Amino acid sequence: MNAEQKGQILKKKEKLLELLKRIYNETFDNKTKKQKKDFFKLLWVKEMYTLINEIRTPIAEKMGVDPSFIPQDKVCLFTLTPEKQKEFKETWKQFLKAMNLKTEKERKKISIPFYNRLEELRKEMREKIGIEEIERLTKKEMEKIELLTETLSKEIKIEALEAEIKRLRAEGKTPEEISKTTKRTEQEVIEILSRENTEIDVPAIELIHGIERQQDGYITLCRKINKEHQDLAGIKINELRECLPKLLPWLAKDAYFSVNASYRSHPWRKGVEGFPAGWRKEKNPPTLKYLNACYCDMDCYKAGLKWSSAVQIILQAQEENIIPPASIIARSGRGIYLLWLLTSERTGAQQRAFPQEIALYKQINKAIIERLDNYEPRLMPDRIAFDAARILRIPGSLNTEAETGQQQVNFIIQVITGNKVPVYTLKNLAEKFNISVQPLPYEPAIIYKRQIKNRGSAPGRRQGKIATGNYRISDLLTIAQNQGGFKQGKRWKSISYFCYFAKAAGFTLSDIEKQSQDLAEKCDPPYPSEPDDTPVLKIVKNIWVKYTPRFNNDLLSKFFKVTPKLADDLGLHSIIPACLSQERADKPSEQETLKHNRRELIKRIIRKRPGNIPSLRKLKKILENKGLKASVETINTDFKTAINELKNV
DNA sequence: GAGATCGCATAGCGGTGCTG
DNA sequence: CAGCACCGCTATGCGATCTC
């Protein structure tokens, strides 16, 4: 901007001020000096405000929306900086205060004629100065708008977004976290990530199938992220291939799998992608089912030993019968894993993980460590890694702690004479390491109790169990009525279920006895009907003294043959299929639905009526006619959101 | 005066933790 | 797990105030 232009603008400003001065003198006279000063301060802000109203169209163009999308007063919001808005309000307040006006009515008495006069002034200005010049006058404001619109439409471009997502992934963030920071859905993030070459591919992970050979075992998948352990999933071996695509993005770096398999996944802890977490424990309670391989983890890099030299030493040790030939020799990134695959003495079966066998397994692992350490200390076998719940790095994944170029975890399968991968039984290995198999000393079984931070600290939460019991009883009785009594073959179990639920609901023994007998009589045929049917009172007594197991509503619904439709028809609350309970949980709340409907309708109105957006109050009436009741305040927020959403489309 | 917005109270939602 | 208690937070609406 050159000096001449500046001079012109200043002149216009002076003109404006002069006009305003005149109005001021017409509107209010006999005011104190301070009052006048305050007023002029206000006028300056006010003047800007007025001018801003003139540039509604250019703002709309900048924003890429129809001018009507920006109501007159909202122009102010878009153009004034927050500081300026504050200043404006503050000055006005101070001015009114200075005028010594107490009530709202008194204020209006003054402000209304003032605003009316201002309106006249605007007309005058338009005629005298002309719009173009006003626009030039507000060039500075336009610059501000430009800045604002930039921040408003902060749309990260697609390439930039992808780069950002990849960068965050490299930092070790989960897709969930990334979706939060980039405001994209998790689905999109995962899709973008999967376009990238994932370091791990399916054939590499197939190796896991070679190690975990019993199809009904559960494998644990986890990873190390920011030096912290994260459970990813506990997956049945025969479902591994199916589940893998979902999990691959999580397995690229510092990912681990359990060497030995469990009998199930974790009962309540969640992993990622909707999978349950893995559950691998030697005891309290024991969850391992199969022992798949003995192993040795060596940190030879600590002794400065290269992988290739370490492998040479291992091969030499095999040659010299220090250790039996390993089935797999692996590079873990910085060290070596050795794996000796196990099998059962019964052909075609897998070694089960009974306590006795776990004890032997650990002894063998310890013996391996001992032998190798004696043979070549530079191998640096990890002396604490001999347990049965161990996890090892997944073949094909990356070890981010290793040097670049040596990060990939490689599994090398050793084929020895007879074109076979060596497989051992625990007994074979025990013999080779001179371990005598001794019976375990008797240990009383430890009843499993969940770890709780502060047991007994919230007695009120017992209500949860009682409610569950009552819900289930109510559902069970409804089902019984619907079926015309429980049928033969299901009567004993159904009565048992009733007893368990009633016990959980806090019924007394005599109540349970009475109601169970009622239920038994209503069975089809009435229970007991055969001579060797357990009497009802005996069932009750047994359950009364027994530990109450946890029940799963999905399984219960399968037992009672409750389909989603039947559950809905009967109005069941608890004993319903998992898919239905999921559906119920996923259903947006009523509030949410109403909000969504309101906003959609508002959007439609905006699109339908360019240049003629109804006021909030009119919108309110339109919405009311469609059965959507809400206050102006609510509709105001809805309106703003709708405008923003339209802009982002 | 009509319309928009602010401040505040509160119902209800959702996340976390405990219970058996 | 499946429930409730607890707690923080959000959505909502009323009355007051501000804007034009």
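Note that the structure is predicted; figures quoted are calculated from it, not measured. Heavy-atom basis, side chains included; hydrogens, waters and symmetry copies ignored. Throughout, protein chains are lettered first and strands after them, A, B, ... in sequence-line order, and every chain is numbered starting at 1.
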Does any donor-acceptor pair link the side chain of R617(A) with the base of dA4(B) at a separation under 3.5 Å?
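For R617(A), whose side chain was compared with the base of dA4(B), there is a donor-acceptor pair (under 3.5 Å).
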From [atom1] of [X] over to [atom2] of [N], roughly how many Å is that when rounded to an integer?
{"X": "L594(A)", "N": "dT12(C)", "atom1": "CG", "atom2": "P", "answer": "8 Å"}
{"X": "L476(A)", "N": "dA2(C)", "atom1": "CG", "atom2": "P", "answer": "17 Å"}
{"X": "D638(A)", "N": "dT12(C)", "atom1": "CG", "atom2": "P", "answer": "7 Å"}
{"X": "R599(A)", "N": "dA11(C)", "atom1": "CZ", "atom2": "P", "answer": "7 Å"}
{"X": "K503(A)", "N": "dT19(B)", "atom1": "NZ", "atom2": "P", "answer": "18 Å"}
{"X": "L580(A)", "N": "dA2(C)", "atom1": "CG", "atom2": "C1'", "answer": "15 Å"}
{"X": "F639(A)", "N": "dA11(C)", "atom1": "CZ", "atom2": "C1'", "answer": "19 Å"}
{"X": "D475(A)", "N": "dG3(C)", "atom1": "CG", "atom2": "C1'", "answer": "13 Å"}

Which nucleotide in the list [options] gets nearest to the side chain of [X]?
{"X": "L616(A)", "options": "dG13(C), dA4(B), dA2(C)", "answer": "dA4(B)"}
{"X": "T634(A)", "options": "dA11(C), dG13(C), dC4(C)", "answer": "dG13(C)"}
{"X": "Y471(A)", "options": "dA2(C), dT12(C), dC4(C)", "answer": "dC4(C)"}

Just checking S631(A): base, sugar-phosphate only, or nothing, at a heavy-atom cut-off of under 4.0 Å?
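Touches a base.
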Which part of the nucleic acid, if any, lies within contact of A504(A), taking any heavy atom under 4.0 Å across all strands shown: a base, the sugar-phosphate backbone alone, or nothing?
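Answer is nothing: A504(A) stays at 4.0 Å or more from every strand.
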Can R472(A) be said to sit on top of F501(A)'s aromatic six-ring, NZ or CZ under 6.0 Å from centre and within 45° of the ring axis?
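Because its charged atom sits under 6.0 Å from the ring centre and within 45° of the axis, R472(A) does stack over F501(A).
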Identify the two heavy atoms, one from I575(A) and one from D475(A), that lie closest to each other, and give their separation to 0.1 Å.
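Looking at all heavy atoms of both residues, the shortest contact is N-OD2, 2.9 Å.
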Neighbour count above 12 (heavy atom, 6.0 Å) for W492(A) CH2
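Atom CH2 in W492(A) is not packed in, count stays at 12 or less.
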For E633(A) and for N553(A), find the nucleotide of DNA chain C with the closest heavy atom, then tell me which residue's nucleotide is more 5'.
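Upstream on the strand: N553(A).
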Would you mind checking if D216(A) and K289(A) are paired as a salt bridge, meaning a charged N to carboxylate O distance below 4.0 Å?
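So K289(A) pairs with D216(A) through a salt bridge.
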Any donor-acceptor N/O pair, S258(A) side chain to A261(A) backbone, under 3.5 Å
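No: the side chain of S258(A) does not pair with the backbone of A261(A).
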Please determine if a side-chain N or O atom of N636(A) lies less than 4.0 Å away from the OP1 or OP2 oxygen of dT5(B).
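So the side-chain polar atoms of N636(A) do come within 4.0 Å of the phosphate oxygens OP1 or OP2 of dT5(B), strictly under.
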Distance below 4.0 Å between R264(A) side-chain N/O and dC1(C) OP1 or OP2
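False: R264(A) side-chain N/O out of range (4.0 Å or more) of dC1(C) OP1/OP2.
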